[in-house]
Number of protein chains: 2
Amino acid sequence: MSKGKIYLIPTTLGDSPINDVLPPKTIDILSQLQHFAVENIRTTRRYIKKVIPEKDINQITFHLLNKHTSISEIRHILQSVEQGIDLGIISEAGNPCIADPGSLLTREAHRNNLQIIPLTGPSSILLALISSGMNGQNFAFNGYLPISPQERIKKLRQLEKKSQSEQQPQIFMETPYRNKQMIESIIKTCHPETLLCIATNLTLSNEFIKTAPISYWKKHIPEIHKQPCIFIIGA
Amino acid sequence: MSKGKIYLIPTTLGDSPINDVLPPKTIDILSQLQHFAVENIRTTRRYIKKVIPEKDINQITFHLLNKHTSISEIRHILQSVEQGIDLGIISEAGNPCIADPGSLLTREAHRNNLQIIPLTGPSSILLALISSGMNGQNFAFNGYLPISPQERIKKLRQLEKKSQSEQQPQIFMETPYRNKQMIESIIKTCHPETLLCIATNLTLSNEFIKTAPISYWKKHIPEIHKQPCIFIIGA
């Protein structure tokens, strides 16, 4: 009996048309799968309905895969793959296994010698970086920064220093309703000549991507409250 | 008169079918553009012929954008965008502006307040990372490592240390015909328990992605000579 495969299924970044960001193969594989490990079952149901309206959602088996999922639950999910069932991993936005718990499962899958197949779709981190005009030879992604203002400022200082000393743009995210505080912290903390890229609503009709020195942003704070956003600090 | 836009056009990673990795919108924009800044004119012509066989290549204006392109040549290319002409940037494989000279142009474009629109397509770096099972909250890309064996080993030691102390997987590439030497250097340099992901021929029919400790790779050196490959060192 042959083992199942694990497909990494990207989602749209917000409500962009699927033809803008998903290749036919990604949609095709998604339409064939009946078993998924997902970060959020409700939003994944909605996503599958959007991409493949004719698919019968009630025939699908969903496993919850979030930060509370234990290693024994993950092993249970992988047992079905060992037994020949193909599994899709889907996270909240963009590619799974980045800034989400998907990699707990793929790490365990490698230990069990299971095949992992990544599918192409939009990545806000990558789209922001390539558009930023910053060094694409050497960059780092830092996920979410600390929530406490003091800790966040300390982290921003570290990132700014690193971006200079290593010529390494520093990418990070924030929960959308805290974007305003994040921009204020950055403006307050970083040197006027340091470059900041703000990339908002990527792949959507109101996409906004701009790289400028902190001195510019001080006078032109963008209105990005509650909008998904990627920040990049560069030297 | 409205200004032109700059589109970042991804290419396939090798000879994969276009429907596997390109969304319809990416193909649609590519078919509309008549001006391109490209890393290699010959391979870009071939790529456009593959994606849109009916497009008249002789009507297209190509600007060469490589490491020898001067800032004044870049400004010349951007002048046409200022005058209302849309421009596509295309590099050798995957997304432009990563591990290639595209970001010289986008950086200058930001200075001139020109709009940059990234399109979705395959990224070997991103696909390797999400499949690796390594930490997707915090990672770094390091481009190509030094060619000299001593310098390369020194850099590998640094990367291994960083992957441990910062829990930050370290991604890097090698020119395909030097893959064998690279694997030998990694195996010789890194600790037996350090994790290494080798991701080869991504999105192609002979795709291979495996994460295992160095001790495993010592006994199972894969045959990846001349095959495009991403390496990730993790703790």
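Naming convention: chains lettered A, B, ... in sequence-line order (proteins, then strands); numbering from 1 in each chain. Heavy-atom basis, side chains included; hydrogens, waters and symmetry copies ignored.
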Contact origin within [X] toward chain B - heavy atom pairs under 4.5 Å:
| X | value |
| --- | --- |
| A:E108 | neither |
| A:N95 | side chain |
| A:I171 | neither |
| A:L8 | side chain |
| A:L119 | backbone |
| A:L126 | side chain |

Counting only heavy atoms closer than 4.5 Å, note whether B:N19 contacts chain A via side chain, backbone, both or neither.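 For B:N19, backbone and side chain are both near chain A.
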
Under 4.5 Å from a heavy atom of chain A, the part of B:Q170 involved: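 Interface part for B:Q170: neither.
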
Sort out for me which of [options] touches chain A most, counting heavy-atom pairs under 4.5 Å.
| options | value |
| --- | --- |
| B:D100, B:I27, B:I89, B:T26 | B:D100 |
| B:T211, B:I116, B:T106 | B:T211 |
| B:Q168, B:K25, B:M134 | B:K25 |
| B:I29, B:N142, B:I6 | B:N142 |

Starting at CD of B:Q115, measure out to CZ of A:F208 and round the result to the nearest 0.5 Å.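 Those atoms lie 10.0 Å apart.
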
Does the side chain of B:P118 come within less than 4.5 Å of A:I209's, by heavy atoms?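 Yes, side chains in contact.
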
Do the side chain of A:H110 and the main chain of B:S131 share a donor and acceptor less than 3.5 angstrom apart?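 Yes; at least one donor-acceptor contact below 3.5 Å.
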
Where does the angle between the aromatic ring planes of B:F139 and A:F139 fall among parallel (under 30°), tilted (30 to 60°) and perpendicular (over 60°)?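 Ring orientation of B:F139 relative to A:F139: perpendicular.
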
